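Written out below as structure tokens is the structure these notes cover.
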There are 2 protein chains.
Amino acid sequence: MHATVDDVAALAGVSTATVSRCLNDPDRVLPATRKKVMEAIRTLNYSPNFGARALASRRTGIIGAVVPTLENAVFAHGIDAFEHALPEGKFALLVASYGYDPQREREQIEALVARGADGLLLVGFDRDPAIYEWLAIRKVPYVLAWACGDAHPYAGFDNVAGIVAMVRLVLDLGHRNISMLSGLTAGNDRARNRLEGARALLAEKGLSFRGVAEVPYGLENGAKAFAELMADRAVTAVVCGNDVLAAGALRAAHRMGLRVPEDVTITGFDDIDIASITFPELTTVRVPHKRMGQEAAALLQQLIDGKSGQSILLPTKIVARGTHAPPPSCRNA
Amino acid sequence: MHATVDDVAALAGVSTATVSRCLNDPDRVLPATRKKVMEAIRTLNYSPNFGARALASRRTGIIGAVVPTLENAVFAHGIDAFEHALPEGKFALLVASYGYDPQREREQIEALVARGADGLLLVGFDRDPAIYEWLAIRKVPYVLAWACGDAHPYAGFDNVAGIVAMVRLVLDLGHRNISMLSGLTAGNDRARNRLEGARALLAEKGLSFRGVAEVPYGLENGAKAFAELMADRAVTAVVCGNDVLAAGALRAAHRMGLRVPEDVTITGFDDIDIASITFPELTTVRVPHKRMGQEAAALLQQLIDGKSGQSILLPTKIVARGTHAPPPSCRNA
DNA sequence: TTGTATGCGTTATCAG
DNA sequence: CTGATAACGCATACAA
């Protein structure tokens, strides 16, 4: 069927070992013989068998990424950047998603490892310790992203710091009756840290949320929850756990005839594309997704090469656009 | 190091063949022996070696997807649906992107095949015939998506029909001075078909575009090009090749103080999330991304199993929202 | 139903 | 720098 090393070796008049070297470590073979071999490879239209190579070399050049969903632009962009940062041709990216279901995440991790992944990119820290143990036993290097912590290698950011900065901004504007529209926190440390971080800052000021809603990712979920939160007429600001929820809230506000930011302040988190498409444009927390993907790729390669890579903490930043303002009570009528 | 079939076989008191069968074809082994084997597998924490399995069975269970970019929600969602439609555990998805660079697409395809992909999901029909030949020689099944045609198996839709329906709507509203804001058409049959399809319909009516801009994917590119297109004061409608460009155009319109749709009609294509977040919400062409991903997965599996799958053409549909209206000249002042 | 034996295509070790 | 050869771990005809 397909040409093998033997065919190539025969045609080039060398041994299979030399052919293999030409492919994997060209410098260790004389230019002259290399030329012969490469020519034989071309004429035979030869390409190495993946399984055989993986079996013999004990690595696949495949890196696995397990994310909640690609429907969330945050992960789609991060993965995209991650993939671009992988050394051309040396690695390929195996992508799996789990729809925010922890059980399914575990299966996906196992599936990728079973597929021979040399390393893994995972989202957040929150998962069954057994998974980390299993990974340790299998000696599969991994990098966590979109969060930070000292228990595992990561390339991420501090969700608490991000939300705290945002809530501080809202407080500084004069808001005291604030509600939070959070993503589902179960098994999601990013959402949980954002919610708890905000709560903690409020507590520090002797305040607490007027209301808290926890809803699944999605525009309509955000819209619906916002309407419910605003049933409390005292609320003057709604801090959202992510941009999609915030965009949904904004839409609901329009429908309800509420002016943003005059009647109500709405803030997001992530700074994905939609944040600058809404009207008015969304005030949100910028997360360096692209840079994070790149750093994660670099770190993971270190680990795969057996080096002891250094985790990296990226800064988040408030992007003040058009959906925030002082509460009505603090303004001249 | 890790347990192998031999270890398991020894512990369970059976042959390696039986162990292999337990994993790949459990029904062909007595429940009693199967139980013993499974137990041995568990206690030894055994999991099959990927390379060895691929080498011996001549398949990897890996499917490759090569898309322009995951930054485009269209592909992120399609890939997500595609992945979900793959039989759980049986296949894994290898994702590669090429940033709309044909040369790089070719490399990615080769890289995935070199990684042992059992089948491929590709975007559109436009590519060097040599690639198709190469795929044929290698006997790698593939399915094309986001387009249609009779030269290759596909699960997609008719870009021409989609844009024609939209332009017809614009014409019916009374617009005669129309411009088009298109994505880059080089090596992109989706963009090209949308542009040419629109042009053809206009020609049929004895009309032509007032202006045409061709720009790279991106919000700001759309905004900038829109401003240039509107330098021609006669233009009353701008048909866009995709939603992101349209959203950019909408933003530019706001900045320029143009009212949408009163002063100018703007239409999109794809119906991704942002289409319903803009203000006003975007009138666009809905593409069944999710369904397409599912159908593509089903078709590809047919082909991988050696059956002669049937291509499937999905319908597109106009979603009339808030960015279209008759031109000022057709309205009562 | 189960076991035996061989092949799968590379890489890597070790001489030369 | 190059060649011979032994793993690598599993699947699968074939035999029992």
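Hydrogens, waters and symmetry mates play no part in the numbers below; they use all other heavy atoms, side chains included. Just so you know, these numbers come straight off a predicted model, no measurement behind them. Chain letters run A, B, ... following the sequence lines, proteins first, then strands; residues in each count from 1.
Applying the ring pair (Phe, Tyr, Trp, His ring centres under 6.0 Å) test to pairs two or more places apart or on separate chains, those with a residue in residues 49-105 of chain B are A:Phe50-B:Phe50, B:Phe75-B:Trp146.
Of the side-chain N and O atoms in B:Arg59, one or more sit less than 4.0 angstrom from OP1 or OP2 of D:dT12. OP1 and OP2 of D:dG9 both lie 4.0 Å or more from every side-chain N or O belonging to B:Thr4.
Between B:Asp25 atom CG and D:dA13 atom P there is a gap of 12 Å when expressed in whole angstrom units. What separates CG of B:Leu23 from P of C:dT2 is a distance of 15 Å, to the nearest Å. Atom-to-atom, CZ of B:Arg58 to P of C:dC8 comes out at 7 Å; the value is rounded to the nearest Å. Residue A:Arg115 contributes atom CZ, which lies 19 Å from atom P of D:dG9 at whole-angstrom precision. A:Asp6 places its CG atom 9 Å from the P atom of C:dG9, with the value rounded to the nearest Å. A straight line from NE2 of A:His2 to P of C:dC8 spans 15 Å, rounded to a whole angstrom. Spacing between atom CG of B:Asn49 and atom C1' of D:dG9 amounts to 6 Å, rounded to whole angstrom units. Remark: P of D:dG9 and CG of B:Leu44 are 14 Å apart, rounded to the nearest angstrom.
By the side-chain hydrogen bond (donor to acceptor under 3.5 Å, both in side chains) test, A:Asp101 is found to be paired with no residue, residues two or more places apart in sequence or in another chain being considered. In this structure, the side chain to side chain contact (heavy atoms under 4.5 Å, CB included) partners of A:Pro216, at least two apart in sequence or on a different chain, are A:Leu184, A:Asn221. Judged as a side chain to side chain contact (heavy atoms under 4.5 Å, CB included), and not counting sequence neighbours, the contacts of B:Ile131 are B:Arg106, B:Ile109, B:Arg127, B:Asp128, B:Leu135. The side chain to side chain contact (heavy atoms under 4.5 Å, CB included) search around B:Ser15 returns B:Ala17, B:Thr18, not counting sequence neighbours.
In the set C:dG9, D:dA11, C:dA12, the nucleotide with an atom closest to the side chain of B:Asn24 is D:dA11.
Contacts between residues 34-43 of chain B and DNA chain C, defined by a heavy-atom separation below 4.0 Å, involve no residue at all.
Heavy atoms from other residues, nucleotides or ligands lying under 6.0 Å from NZ of B:Lys36 number more than 12. Within 6.0 Å of CG on B:Asp25 lie more than 12 heavy atoms contributed by other residues, nucleotides or ligands.
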Kindly give the atom pairs (protein nitrogen or oxygen, nucleotide nitrogen or oxygen) under 3.5 Å for nucleotides 2-5 of chain D.
{"unit_1": "D:dT2", "atom_1": "OP1", "unit_2": "A:Thr33", "atom_2": "OG1", "d": "3.1"}
{"unit_1": "D:dT2", "atom_1": "OP2", "unit_2": "A:Leu30", "atom_2": "N", "d": "2.8"}
{"unit_1": "D:dT2", "atom_1": "OP2", "unit_2": "A:Thr33", "atom_2": "OG1", "d": "3.4"}
{"unit_1": "D:dG3", "atom_1": "OP2", "unit_2": "A:Ser15", "atom_2": "N", "d": "3.1"}
{"unit_1": "D:dG3", "atom_1": "OP2", "unit_2": "A:Ser15", "atom_2": "OG", "d": "3.3"}
{"unit_1": "D:dG3", "atom_1": "OP2", "unit_2": "A:Thr18", "atom_2": "OG1", "d": "2.6"}
{"unit_1": "D:dG3", "atom_1": "N7", "unit_2": "A:Arg21", "atom_2": "NH2", "d": "3.3"}
{"unit_1": "D:dG3", "atom_1": "O6", "unit_2": "A:Arg21", "atom_2": "NH2", "d": "2.5"}

Determine all donor-acceptor pairs shorter than 3.5 Å in which one atom belongs to a side chain in residues 3-13 of chain B; sequence neighbours excluded.
{"unit_1": "B:Thr4", "atom_1": "OG1", "unit_2": "B:Asp6", "atom_2": "N", "d": "3.2"}
{"unit_1": "B:Asp7", "atom_1": "OD2", "unit_2": "B:Thr4", "atom_2": "N", "d": "2.8"}

Contacts table for residues 300-313 of chain B: side-chain donor-acceptor under 3.5 angstrom, sequence neighbours left out:
{"unit_1": "B:Gln301", "atom_1": "NE2", "unit_2": "B:Ala297", "atom_2": "O", "d": "3.2"}
{"unit_1": "B:Ser311", "atom_1": "OG", "unit_2": "B:Tyr154", "atom_2": "N", "d": "2.9"}

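Note on B:Phe50: nothing from the nucleic acid sits closer than 4.0 angstrom, heavy atoms only.
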